[in-house]
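The model shown is predicted, which means the values in this text are computed figures rather than measured ones. Proteins come first, then strands; the chains are lettered A, B, ... in the order of their sequence lines, and each starts at number 1.
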Number of protein chains: 2
Amino acid sequence: MAYSIAEAARRSGLSIDTLRYYERIKLLDPPARDSAGRRAYSETDLAWLQFLTKLRTTGMPIRRMREYATLRRRGAATAGRRRAILVEQRRSVAERIAELQSCLDVLDYKITNYERLEHGHAAGIQEASA
Amino acid sequence: MAYSIAEAARRSGLSIDTLRYYERIKLLDPPARDSAGRRAYSETDLAWLQFLTKLRTTGMPIRRMREYATLRRRGAATAGRRRAILVEQRRSVAERIAELQSCLDVLDYKITNYERLEHGHAAGIQEASA
DNA sequence: CTACGACCTGGAGCGCGCTCCAGGTCAACA
DNA sequence: TGTTGACCTGGAGCGCGCTCCAGGTCGTAG
């Protein structure tokens, strides 16, 4: 089963332009072409794309994703280095989650304060940095 | 107590350039100046700055932080709208955390797979999209 | 046969959030 | 008195990750 670029875009949630862009910067191996020279993405292409978007979602910079893609192209011998990249990324995601969680606490605190203000219990003091 | 721009930068974790930039784009009210015309940040300025950096950490775009800053400048009457912004941001942070958590699961899965590969239990199948 | 729409290429442009630079002022210190 | 160093201003530049554009080629539908 092969997918047109429009279909691949729809399925991956990326834009057509982004798909071509990813190919240009070597994140994506050039997909097959149909008889008219149009891109024909395979299931494997889509699976890889899906993984890439996961990495992007975690905030991995494209430069690093390229590094990973390059290693992947070189085969099984690079598995250790690829794993190391993922382990590092896992660390950074966990850290980021913790950071966001702490911001969430600040937001909750502020929101609670606003609610107190609006219910007439004019606290006042917090308003300075509100 | 007043702080030089260098000191304010150190305490906020932002660069000196970023502090001036934030002032320029009206995120920050112009701080007091000393006799020589140099910026002199107050405790209040620093507290606001600290809150701003929290918002930035949550990924709030500067455009939206400006909106918040503008409302804040207009005083108590805008409290409801400020609260609404924070509530929306809380929602978006919670969503982001969930998203990251799900990516974390994918990373864990992949990493486990790599570890299996390296321990000789050649699974093979996963290598296609690894 | 033509006209449409999806696709192609190479390259320019954009929005964001800073970051850096040139050229200048000022106060303190040797 | 002269030099240093922190600070000032307005404005240009940058890295990132796309996004858009012009101009062209196909293949199907009317």
note: B/Ile16, atom CD1; D/dC8, atom P; distance rounded to Å ~ 8 Å
Separation of C/dG17 atom P from B/Ile25 atom CD1, nearest Å, is 8 Å
May I ask you to evaluate whether A/Ser4 reaches the phosphate of C/dA6, defined as a side-chain N or O under 4.0 Å from OP1 or OP2?
no
Is B/Arg24 close enough to C/dG17 that one of its side-chain N or O atoms is under 4.0 Å from OP1 or OP2 there? no
| Under 4.0 angstrom between B/Arg33 side-chain N/O and C/dC26 OP1 or OP2 | no
*Can a side chain N or O of B/Arg39 be found less than 4.0 Å away from OP1 or OP2 on D/dC8?*
yes
On the nucleotide C/dC20, are OP1 or OP2 found under 4.0 Å from the side-chain N or O atoms that B/Tyr21 carries? no
In whole angstroms, the gap separating C1' of D/dG17 from CD1 of A/Ile62 amounts to 5 Å
| query | Going by heavy atoms in the side chains, are A/Tyr109 and A/Asp105 under 4.5 Å from each other? | reply | no
Any side-chain heavy-atom pair of A/Arg74 and A/Arg81 under 4.5 Å: yes
Looking only at side-chain N and O atoms, does A/Arg63 come under 4.0 Å of OP1 or OP2 in D/dC16? yes
Closest to the side chain of B/Thr18, out of C/dC7, C/dC18, D/dG17, is C/dC18
To the nearest angstrom, the CZ-C1' distance between B/Arg56 and C/dC16 comes to 9 Å
Can B/Glu95 and B/Arg91 be counted as an ion pair, charged N to O under 4.0 angstrom?
-> yes
Of the listed C/dC7, C/dC26, D/dC7, the closest approach to the B/Arg20 side chain comes from D/dC7
Of D/dT9, D/dC7, C/dG11, the nucleotide closest to the side chain of B/Ile5 is D/dC7
* Any side-chain heavy atom of B/Met60 within less than 4.5 Å of one from B/Ile85? -> yes
